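Contents: one structure, followed by commentary.
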Amino acid sequence: MGELRAFAALGAAQWRSATSYRASFLVEMLGNAGATVFDVLTVLVLFQATPEVGGFRLREAMLIVGLSAAGFALADLTVGNVDRLKTYVRAGTLDAVLVRPLPALPQLLLMDLPLRKLLRVLFGFTVLGLAVAANPIDWTPGRVLLMVITPIAAAVFFGSIFVVSASLAFWWVDSGEIGAAFTYGGRDFTSYPISVYGSWFRNVFAYGLGFGFVAYQPALALLGRADPLGLPAWAGFLSPLVALAAAALAAGVWRTGIRHYRSTGS
């Protein structure tokens with residue numbers, strides 16, 4: 001209970017700090033929502049040139065981008081600021097975190113909780129809600145459960161990618177661009193039907209790294225569509241397992257990095 005109270009105090013302090021200047025906070029919220037808005041607009045513009053992309057119509061593609069946007073925005077809000085780890089390592093701030101009697105990762109996440117990204121989450125889930133309403137989904141108990149779990153599983157998956165990419169700073173402080181290729185690049189990859197990608201690229205990212213189970217496979221399961229690439233229907237229900245595997249990998253990489261870290265002085 002003591003740890004929970006400490007983390008609650010850190011979170012409350014972040015909220016008071018972020019909302020001290022309300023006009024600035026609102027401007028930052030609107031500005032941060034722009035990234036998710038442009039992701040959706042890109043898909044809409046693409047469909048102005050063709051009625052189908054990779055065998056998917058606009059309303060079906062919007063379900064894919066909605067699942068991806070909601071999951072990524074939620075992960076970016078809760079875990080995204082872990083990419084500041086390289087700054088903390090370089091400045092020595094991490095040393096102060098490690099001497100406190102609290103787990104290091106939750107402390108780092110609450111040190112600069114990006115509340116300005118709240119509007120991204122709201123917009124992502126709004127797009128998802130509109131996409132669900134636009135598609136004639138045959139609701140079954142399994143699909144209702146999948147609809148609830150998929151954005152959470154997507155957030156866990158993207159959050160794990162954030163942690164793994166940030167952990168590279170324990171070995172290489174200037175690793176930010178490599179990490180961004182898998183976090184923000186992964187967001188872009190999951191915003192489209194994976195049938196539009198080349199086979200080798202698809203095999204590596206969609207199946208080898210698991211990005212295909214963030215939004216594409218769950219969307220197929222919700223729509224009741226067969227996978228044009230040949231995966232069985234139950235593949236759409238694997239997203240929670242893939243997310244748990246990613247979280248386990250992220251936890252292992254984080255623990256290894258913490259053990260490897262020898263402080264700024266070394």
Side-chain angles (χ1 to χ4, degrees), residues 39-40 43 52-75 78-79 124-125 127-164 182-183 185-253:
D39 287 342
V40 176
V43 175
E52 290 190 0
V53 174
F56 289 79
R57 292 170 294 176
L58 175 59
R59 65 184 182 185
E60 296 169 330
M62 289 305 294
L63 180 60
I64 296 174
V65 73
L67 290 169
S68 173
F72 184 86
L74 189 57
T78 55
V79 186
F125 278 92
V127 171
L128 177 57
L130 293 174
V132 168
N135 283 281
I137 298 174
D138 180 18
W139 291 108
T140 64
R143 286 190 177 126
V144 171
L145 183 61
L146 181 64
M147 184 68 253
V148 172
I149 290 177
T150 297
I152 300 172
V156 171
F157 183 88
F158 280 124
S160 301
I161 301 297
F162 271 116
V163 171
V164 170
F182 291 94
T183 51
R187 176 200 62 190
D188 295 339
F189 180 86
T190 58
S191 296
Y192 300 91
I194 65 172
S195 53
V196 305
Y197 300 109
S199 58
W200 73 268
F201 191 69
R202 184 170 63 231
N203 291 337
V204 171
F205 281 88
Y207 302 125
L209 297 179
F211 285 99
F213 298 93
V214 170
Y216 176 74
Q217 290 295 338
L220 289 177
L222 288 169
L223 295 169
R225 283 193 52 166
D227 185 1
L229 302 175
L231 262 67
W234 49 262
F237 294 86
L238 293 178
S239 57
L241 297 179
V242 174
L244 288 175
L249 174 64
V253 173

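Keep in mind it's a predicted model, so treat the numbers as computed, not measured. For reference, positions follow the sequence shown, starting with 1.
Looking at heavy atoms from C-beta onward, R59 lies in side-chain contact with P136 at the 4.5 angstrom threshold. Side-chain contact check for L128 versus V65: every heavy-atom pair is 4.5 Å or farther apart. Inter-residue side-chain proximity for T190 and F72 is flagged as unmet; no heavy-atom pair is nearer than 4.5 Å. With contacts defined as side-chain heavy-atom distances shorter than 4.5 Å, the pair I194/F201 does not qualify. Residues F182 and F189 form no side-chain contact, since every pair of their non-hydrogen atoms from C-beta on lies 4.5 Å or further apart. Taking the side chain as every heavy atom from C-beta outward, I137 and M147 never approach each other to under 4.5 Å. Considering only heavy atoms from C-beta on, W139 comes within 4.5 Å of V132 through its side chain. By the 4.5 Å heavy-atom criterion applied to side chains, R187 and T183 are not counted as neighbours.
Note that CG of L222 is 9.0 Å distant from OG1 of T140, once rounded to the nearest 0.5 Å. To the nearest 0.5 Å, atoms CZ (F237) and CD1 (I149) are separated by 10.0 Å. From L63, atom CG reaches atom CG of L58 across 11.5 Å, with rounding to the nearest 0.5 Å.
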Applying ring-ring contact (aromatic ring centres under 6.0 Å, His included) to Y192 and F56, what does each step give before you reach the verdict?
CA-CA 10 Å; Y192 300 91; F56 289 79; over 10 Å; no
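Of all non-hydrogen atoms in A243 and F157, the two that sit nearest each other are CB-N, 4.2 Å. Contact between V79 and G159 at its shortest, heavy atoms only, is CG1-O, 3.7 Å. Here the closest non-hydrogen pair linking L146 and P218 is CD2-O, 3.8 Å. The two atoms that bring P151 and A70 nearest to each other are CB-CB, 4.5 Å, heavy atoms only. Residues A247 and V156 share a closest heavy-atom pair of CB-CG1, 4.0 Å.
Residue pairs that meet the side-chain hydrogen bond (donor to acceptor under 3.5 Å, both in side chains) test with at least one member in residues 218-247, sequence neighbours left out, are E60-R225, Y216-D227, Q217-D227.
Between the side chain of R143 and the backbone N or O of A221 there is at least one donor-acceptor pair closer than 3.5 Å.
Not counting sequence neighbours, the partners of A215 by the side-chain contact (heavy atoms from CB on, under 4.5 Å) test are I64, L67, S68. Remark: L244 pairs with no residue by the side-chain contact (heavy atoms from CB on, under 4.5 Å) rule, at least two apart or across chains.
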